[in-house]
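The block underneath contains the structure these notes are about, expressed in structure tokens.
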Number of protein chains: 2
Amino acid sequence: MFSKACEYAIRAAIFIASESEKDKRASLKDIAREIDSPEAFTAKTLQKLSRSGIITSTKGAHGGFEVKGDLSNTIMISQIVLAIDGDKVYTRCSLGLHNCSEDHPCPFHSRFKPVRNGLQQIVENTSLKDLTSGLVSGDTFLKI
Amino acid sequence: MFSKACEYAIRAAIFIASESEKDKRASLKDIAREIDSPEAFTAKTLQKLSRSGIITSTKGAHGGFEVKGDLSNTIMISQIVLAIDGDKVYTRCSLGLHNCSEDHPCPFHSRFKPVRNGLQQIVENTSLKDLTSGLVSGDTFLKI
DNA sequence: TAAAATAAAGACAATTAGGTCCTTAATTTT
DNA sequence: AAAATTAAGGACCTAATTGTCTTTATTTTA
């Protein structure tokens, strides 16, 4: 579904947002520990999120990553997915046809469409903040 | 979503079923041509389908692959997916947690569940025959 | 100003997925 | 019986993804 990089990115973003709510920056080391991900690889995906403007990074002592302002309310999960995996999750044909469309559908097209659209709706309508609150309340988890 | 191998398997099965309806066997060469897939690689996935009992194969001149009896009515797409990709499409956590469950959910769990279940329902309730009829009638396509 | 702490960046390595090739086995046709 | 046709199987190759390591740049603290 999502690539590993994207999975790490979403989990990392949730952790970073939860720290940002406490006005703390999250260091790469802390992130990797809290989401149980490979540090250097996670760094790469965080760089992409940073370049996409979803998070900001600061070097030096007490540096790290943060979500600026109360932005976590307006950042949608779809933005993270788009930054890392592109839009292929929503657009790709389930049977791998290159030109699958309403006009030229694969045999599975009409049945698969609701699933794909459902996924798209959910990632577009779920904010980073939505996912952060469950973590903060202790109802959801980022590792194991 | 599905692996390439699984995409080819589903497309191949649909073509084979459409030929079986005409009491013809489909040769590997024909299959690869009709679904526009790499021949040798497709052969591997057809071997898996064959070992799983979903299709049967016959060697020698005028041999090839077929769907026996009127089985294409009782073969569900889920069986093909299971034979090639296993059940991870329905079971895997969207954020990659190893033990994600109702008791220990990832932040995306509750939102993602309907999508995953929707997919499962669709592949379990769609038969090979369902997908074959659109092809036979010319309404759906297996390539490009 | 020097040292420490941190992210950025690029080169590299390992793993997995996707794909090819060649030989063998089985069946049919001649 | 010999030749032709087809799938099976194994070894191999390639590309993409995932992951590591080392150096550099930036910032803060001592």
Side-chain angles (χ1 to χ4, degrees), chain A residues 1-13 15-16 19 24-33 35-68 84-86 88-89 92 95-96 98, chain B residues 1-13 15-16 19 24-33 35-68 81 83-86 88-89 92 95-96 98:
Chain A
M1 181 69 70
F2 302 131
S3 69
K4 275 279 166 204
C6 192
E7 291 174 0
Y8 296 147
I10 296 173
R11 285 198 267 152
F15 175 68
I16 294 166
E19 290 293 285
K24 284 196 264 185
R25 290 204 188 101
S27 75
L28 176 60
K29 225 172 74 178
D30 291 345
I31 294 166
R33 181 177 14 85
I35 75 173
D36 191 25
S37 70
E39 198 172 311
F41 187 63
T42 305
K44 303 289 181 191
T45 78
L46 292 180
Q47 285 171 34
K48 285 188 194 162
L49 290 190
S50 175
R51 282 190 223 107
S52 303
I54 295 167
I55 60 177
T56 62
S57 74
T58 319
K59 291 180 180 178
H62 295 109
F65 298 89
E66 66 189 301
V67 177
K68 275 283 171 64
I84 307 295
D85 281 350
K88 58 175 184 283
V89 207
R92 216 174 158 283
L95 299 189
H98 302 307
Chain B
M1 180 71 69
F2 301 131
S3 69
K4 274 282 166 203
C6 192
E7 291 174 359
Y8 296 147
I10 296 172
R11 286 197 267 153
F15 175 68
I16 295 166
E19 290 294 283
K24 284 197 265 185
R25 290 204 187 101
S27 75
L28 177 59
K29 226 172 75 181
D30 291 345
I31 295 167
R33 180 176 15 87
I35 74 174
D36 191 26
S37 69
E39 198 172 309
F41 187 62
T42 306
K44 305 290 183 190
T45 78
L46 291 180
Q47 286 172 33
K48 285 188 194 163
L49 290 190
S50 175
R51 283 190 224 105
S52 304
I54 294 166
I55 61 177
T56 62
S57 73
T58 319
K59 290 180 181 177
H62 296 107
F65 299 89
E66 65 188 303
V67 178
K68 274 283 171 65
V81 173
I84 307 295
D85 281 351
K88 58 175 184 287
V89 205
R92 212 169 163 289
L95 299 189
H98 301 308

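Note that the structure is a prediction, hence the values are computed from the model and not measured. By convention in this document, chain letters (A, B, ...) are assigned in the order of the sequence lines, proteins followed by strands, and residues within each chain are numbered from 1.
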Practice task
Indicate, with a heavy-atom threshold strictly under 4.0 Å, whether B:Arg25 touches base, sugar-phosphate, or nothing.
Solution key: nothing
Exercise for the section: Give the nucleotide from the list C:dT20, D:dT6, D:dT20 with an atom nearest to the side chain of B:Ser27. Expected result: D:dT6
Problem - Contact under 4.0 Å: A:Ser57 side-chain N or O vs C:dA8 OP1/OP2 - result: yes
Exercise for the section: Report the distance from atom CG of A:Leu28 to atom C1' of D:dA25, rounded to the nearest whole Å. Expected result: 16 Å
Handout entry: Below 4.0 Å: OP1/OP2 of C:dG19 and any side-chain N or O of B:Tyr8
Key = yes
Practice task
Return the minimal non-hydrogen interatomic distance between A:Leu49 and A:Ala9, and the atom names on each side.
Solution key: CD1-O, 3.9 Å
Practice task
Whole angstrom is fine here: how far is it from CD1 in A:Ile31 over to P in C:dA5?
Solution key: 18 Å
Practice task
Please step through side chain to side chain contact (heavy atoms under 4.5 Å, CB included) for the pair B:Lys48 and B:Lys44, ending with a clear verdict.
Solution key: CA-CA 7 Å; B:Lys48 285 188 194 163; B:Lys44 305 290 183 190; 6.0 Å; no
Exercise for the section: Take atom CD of A:Glu39 and atom P of C:dT6, then tell me their distance rounded to the nearest Å. Expected result: 11 Å
Completion exercise
Whichever of A:Gly63 and A:Arg51 has the more 5' nearest nucleotide on DNA chain C, that residue is A:Gly63
Exercise for the section: Looking only at non-hydrogen atoms, find the nearest pair between A:Ile55 and A:Phe65 and report the distance. Expected result: CD1-CD2, 3.6 Å
Practice task
Return no unless some side-chain N or O of B:Ser50 is found under 4.0 Å from OP1 or OP2 of D:dA7.
Solution key: no
Exercise for the section: In whole angstrom, give the distance that lies between atom NZ of B:Lys29 and atom P of C:dT20. Expected result: 16 Å
Problem - Stepwise side-chain hydrogen bond (donor to acceptor under 3.5 Å, both in side chains) test for B:Arg11 and B:Ser37 - result: CA-CA 9 Å; B:Arg11 286 197 267 153; B:Ser37 69; over 6 Å; no
Handout entry: Residue met sooner reading DNA chain D from 5', once A:Ala61 and A:Lys4 are mapped to nucleotides
Key = A:Lys4
Practice task
Answer with yes or no whether A:Lys44 presents, from its side chain, a donor or acceptor under 3.5 Å of a partner atom in the base of C:dG10.
Solution key: yes
Practice task
Measure the distance from CZ on A:Phe41 to P on C:dG10 and round it to the nearest whole Å.
Solution key: 17 Å
Fill in the blank from the handout: For B:Thr42 and B:Ile31 the tightest heavy-atom approach is CG2-CG2, 4.4 Å
Exercise for the section: Please state whether the phosphate of C:dT29, meaning OP1 or OP2, lies under 4.0 angstrom from any side-chain nitrogen or oxygen of B:His62. Expected result: yes
Exercise for the section: Starting at atom CD of B:Glu66, determine the distance to atom P of C:dT27, rounded to an integer number of angstrom. Expected result: 13 Å
Exercise for the section: Quickly work out the B:Phe65 CZ to C:dT27 C1' distance and round it to whole Å. Expected result: 14 Å
Handout entry: Nearest-neighbour nucleotide for the A:Lys59 side chain, C:dA8, D:dA7, D:dT18 considered
Key = C:dA8
Practice task
Look at the side-chain N and O atoms of B:Gln47 and state whether any lies under 4.0 Å from the OP1 or OP2 oxygen of D:dG9.
Solution key: yes
Practice task
Using whole Å, report how far CD1 of A:Ile35 lies from P of D:dG19.
Solution key: 11 Å
